[in-house]
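Both ligands and their constituent atoms are indexed starting at 1 by order of listing. Atoms considered below: every heavy atom in the structure, side chains included; atoms not considered: hydrogens, waters and symmetry mates.
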Amino acid sequence: MTATAAPQHVLVVGGGGRENALAWALARSAGVKQVWVTPGNGGTPELEGCIQLAISEGDQDALLKTCQDQRIDLVVVGPEAPLAAGLADRLRQAGHAVFGPGADGAQLEASKQWAKALMVEAGIPTAGYWKANSREEALSALESQGKPLVVKADGLAAGKGVTVAESVEEARAAIEEIFAGRFGAEASLVLEERTHGPEVSVFALSDGERMVLLPPAQDHKRIGEGDVGPNTGGMGAYAPAPLLDQAGLEEVKRRVLEPTLAALQARGISYRGVIYAGLMLTENGPSVIEFNCRFGDPECETLMPLMGPEFAAVLLACATGQLEKAPTLTIADQCSACVIAAAQGYPGEIRRGDPISSAVKNGADRQLFHAGTRLDDAGVCHTNGGRVLAMVAQASDFDAAFAKAYAGLEQVHFEGITYRRDIGHQVRNH
Ligand code: AMP
Ligand code: GLY
C-alpha cells in the first residue's frame with residue numbers, strides 16, 4: 001500500500017494559541033512548504049514557514065477564495081464556531097480537503113442534548129441526564145430530583161455554559177439565568193448527575209471510519225493555585241497524563257471513542273477531524289463529561305511538540321478518509337509541560353494592550369506559542385486577550401519539563417502577567 005502524500009500548502013483557520021501551535025507543527029511536518037494562518041495572532045509572523053492573512057474565521061467566502069488562490073491541499077479548522085457554522089461543509093463541497101467535521105458532526109460539541117442522546121444510544125459511559133426545552137420543564141426535573149444537578153446550556157457557550165451546583169438553589173438560579181440569557185425562552189439545556197474523579201482529555205484523529213489516538217493530556221481549568229477559584233479556558237496542561245496508562249487509553253478507545261464513531265456513522269456522518277473526549281475517571285471507570293469537535297486549548301499547545309514529521313500527512317489522510325494509507329504518526333517519548341501566561345484580571349475584566357517582551361525563541365524542546373496577542377502598526381506585540389501566551393517545554397521527565405517552562409516564563413514580560421506556579425502539581429515532586 002502506498003502512503004498518502006503530505007500536503008504542501010496548508011491553511012490553518014483560527015487565531016488562538018491552539019492554532020499557533022497547529023501552524024507550527026504543520027509547518028515543520030515533512031513535505032509542507034507553506035502554511036497560511038487566518039486570522040492568526042501576534043505570534044504568527046514569527047512562525048517559520050507561516051504567512052498570516054487577515055480573514056476572520058467566519059468569512060467563508062474569503063476562506064474559500066484563499067483555498068483556491070493559494071492552491072491549498074489541506075485546511076485545518078481550529079475553533080468550534082466555524083465548524084458548527086458549516087465551514088468544513090462549504091470547503092468540501094468546493095473540493096477541498098478539510099480536517100474538521102461538518103456542521104452535522106460538530107453537534108457533538110454544539111448541542112449537549114444531541115451529544116447526550118448519542119452517548120445513551122451508543123451505551124457510552126456518561127452521567128445520567130434530563131433534557132429540558134423550557135424553564136418549567138427544567139425546574140420540574142430539578143424539583144423531582146431534589147438534589148443539586150449540573151446545569152449545562154445547550155449550544156456553544158465558549159466554556160461558560162456549565163454550572164456544577166453545590167445546592168438545589170444554585171442549580172435553580174443557573175436554570176433561571178439560562179432562560180433569562182442570550183436565547184431567552186427559546187433556550188434549552190441538560191441537567192446532569194454530578195460525577196467525581198480526576199479529569200483527563202483524550203483526542204482521536206478520525207477519518208470517519210478509523211482513528212489514531214494522541215497521548216492523554218490533563219488541563220487545569222481553575223484560575224487559582226491548588227485548583228481553586230473560577231473556571232478559565234485552561235491555565236496549563238501536561239501530557240502524557242499518567243492518569244491513563246496504555247491499558248486505560250485502550251479502555252477509553254473501546255468504551256468511548258469507537259462507539260462514538262460508530263454512532264456517528266449510523267447517523268450518516270463521516271466525521272473527519274478530532275474527537276475530543278473530556279473524561280472524568282470515576283470509581284466506575286471513565287465517564288464522558290463532554291465532547292468537543294476540536295483540539296483542546298491548551299492541550300493542543302502541549303501535544304503539538306510531541307508530534308512526528310508525519311503529522312500533516314496524517315491530518316490530510318483523515319481529511320480524505322484514507323487513514324489506513326497514512327504513515328504511522330510517531331509521537332516523541334517525552335514529557336510535555338505547558339503553562340499559560342494570562343492577562344491581569346483573567347477570567348474577569350482584563351488588562352489589554354500592554355507591550356510584550358520575550359527572549360524565548362521556539363526551539364526543539366521549548367516553544368512560546370502566542371494566544372491573545374496582536375501586532376500594532378509598528379510591529380510591536382501587545383496583549384490582546386485573557387490567555388496571552390503558552391510556554392511549553394519537553395524533557396524526559398515532568399520535573400525537568402516544568403522547570404524549563406517556568407525558566408522560560410522568567411524571560412517573558414508584560415504588565416500584569418499572571419500564571420499559576422503549580423501547573424503539573426499532580427506529577428511534579430515539589
Ligand atoms: P466547561 O464546560 O469548560 O465550562 O467546564 C465544565 C466543567 O464542569 C468540567 O470540566 C467539569 O469539571 C465540570 N462538570 C461537567 N459535568 C460534570 C458532571 N456531570 N459532574 C461533575 N462535574 C462536571
Ligand atoms: N481545555 C479545554 C477546552 O479546550 O475546552
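Using a non-hydrogen distance threshold of 4.0 Å, Lys152 registers as a contact of ligand 1. Look at Arg18 and you'll find every heavy atom at least 4.0 Å from all atoms of ligand 2. Under the 4.0 angstrom criterion for non-hydrogen atoms, Gly234 is not in contact with ligand 2. Ligand 2 has at least one atom lying under 4.0 Å from a heavy atom of Gly233.
Checked by distance only, ligand 1 and Glu193 come closer than 3.5 Å through their nitrogen or oxygen atoms. Taking distance alone, with nitrogen or oxygen atoms compared against 3.5 Å, Arg194 stays at or beyond that limit from ligand 1. On a distance-only criterion, Lys221 and ligand 1 share at least one N/O pair closer than 3.5 Å.
Remark: of the listed residues Pro259, Pro286, Ser287, Pro259 is the sole one forming a side-chain contact (heavy atoms from CB on, under 4.5 Å) with Ile124.
In terms of protein heavy atoms, atom 2 (C) of ligand 2 is closest to Tyr276 OH, 3.2 Å.
Pairs of residues two or more places apart, or lying in two chains, that qualify as ring pair (Phe, Tyr, Trp, His ring centres under 6.0 Å) and include a residue from residues 250-281 are Phe203-Tyr276. Every pair passing side-chain hydrogen bond (donor to acceptor under 3.5 Å, both in side chains) that includes a residue from residues 115-133 is listed here, sequence neighbours excluded: Gln113-Asn133, Lys116-Thr126, Lys116-Glu192, Glu121-Arg267.
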> After noting the C-alpha distance and the side-chain angles of Gln426 and His220, does the key distance pass the side-chain hydrogen bond (donor to acceptor under 3.5 Å, both in side chains) rule?
Replying inline: CA-CA 11 Å; Gln426 307 87 334; His220 298 59; 3.3 Å; yes
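Among Glu109, Glu299, Met235, Arg294, the residue whose heavy atom sits closest to atom 5 (O) of ligand 2 is Arg294.
When non-hydrogen atoms are compared, ligand 1 lies under 4.0 Å from the side chain of Ile289 (C-beta onward) but not from its backbone.
At least one donor-acceptor pair closer than 3.5 Å links the side chain of Thr418 to the backbone N or O of Gly416.
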